[in-house]
Amino acid sequence: MADDKQIPIELSPEVVKGIYSNLAVITHSHSEFVMDFASMLPAMPKALVGSRVIMTPEHAKRLLLALQDNVSKYESQFGPIEIGQKQTYPMGGFGNNGGAKS
């Protein structure tokens, strides 16, 4: 990222545990991107959203650039990340579900 300022952050005990997500649903409006991170597990009829992140379009673009940078660094160290068969998820998981949120 162009902005390499070090910002100190603090994680609460609840947040430091993190959540597992193998499904993301991304929607957007003119003023915001909404990302729902969920887990879809065998024998569960529905995906359970564990976290919702809402950000401005500018910050969504910064996140995209940061992810691209980190994936590139990861692949330089560990080799290419293979993406298997394209899976279909309800509502367009791990991608854009196609438009403005209601």
Side-chain angles (χ1 to χ4, degrees):
M1 286 177 45
D3 206 351
D4 287 337
K5 296 177 187 174
Q6 293 292 325
I7 300 173
I9 62 170
E10 183 176 334
L11 299 172
S12 70
E14 298 81 28
V15 171
V16 79
K17 292 184 287 183
I19 64 158
Y20 175 74
S21 175
N22 61 2
L23 174 68
V25 178
I26 302 170
T27 57
H28 65 277
S29 69
H30 175 73
S31 59
E32 64 197 11
F33 277 72
V34 178
M35 293 166 274
D36 289 325
F37 295 92
S39 51
M40 185 75 170
L41 301 172
M44 290 187 66
K46 296 180 184 178
L48 178 63
V49 174
S51 183
R52 171 173 275 190
V53 177
I54 304 168
M55 60 180 59
T56 65
E58 178 185 358
H59 283 94
K61 183 92 176 234
R62 288 178 184 268
L63 175 62
L64 170 67
L65 296 173
L67 282 169
Q68 287 174 332
D69 182 53
N70 277 270
V71 167
S72 177
K73 289 175 182 174
Y74 176 95
E75 290 182 324
S76 292
Q77 185 174 358
F78 300 108
I81 299 170
E82 298 296 330
I83 299 176
Q85 295 178 357
K86 182 176 179 175
Q87 295 180 330
T88 48
Y89 294 100
M91 299 181 65
F94 283 114
N96 185 337
N97 78 351
K101 70 182 193 81
S102 37

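Starting from 1, each residue takes its place in the sequence as its number.
Hydrophobic clustering of Ile, Leu, Val, Met, Phe, Trp and Tyr side chains at less than 4.5 Å, counting indirect connections, keeps F37 apart from V49. Note: the hydrophobic cluster containing I54 does not contain L64 (ILVMFWY, side chain heavy atoms under 4.5 Å, direct or indirect links). M40 and M44 are assigned to two separate hydrophobic clusters, defined by single-linkage of ILVMFWY side chains at heavy-atom distances under 4.5 Å. A continuous path of Ile, Leu, Val, Met, Phe, Trp and Tyr side chains, each step under 4.5 Å between heavy atoms, connects L67 with M35, placing both in one hydrophobic cluster. Both F33 and V53 are members of a single hydrophobic cluster when ILVMFWY side chains are connected at heavy-atom separations under 4.5 Å.
A47 approaches L23 most closely through the heavy-atom pair CB-CD2, 3.5 Å. Between I19 and S51, the shortest heavy-atom distance links the atoms CD1-CB, 3.6 Å. The two residues P57 and H30 make their nearest non-hydrogen contact at CG-O, 3.8 Å.
The side-chain hydrogen bond (donor to acceptor under 3.5 Å, both in side chains) analysis of residues 72-83, with sequence neighbours excluded, yields the pairs D69-K73.
With rounding to the nearest 0.5 Å, the separation of CG in L63 from CD in Q68 is 10.0 Å. Considering CG of D36 and CZ of R52, their distance stands at 4.0 Å, rounded to 0.5 Å. To the nearest 0.5 angstrom, M55 atom CE is 11.5 Å from E32 atom CD.
Between the side chains of T56 and E58, not a single donor N or O lies within less than 3.5 Å of an accepting N or O.
Between the S39 side chain and the S21 main chain, no donor and acceptor come within less than 3.5 Å of each other.
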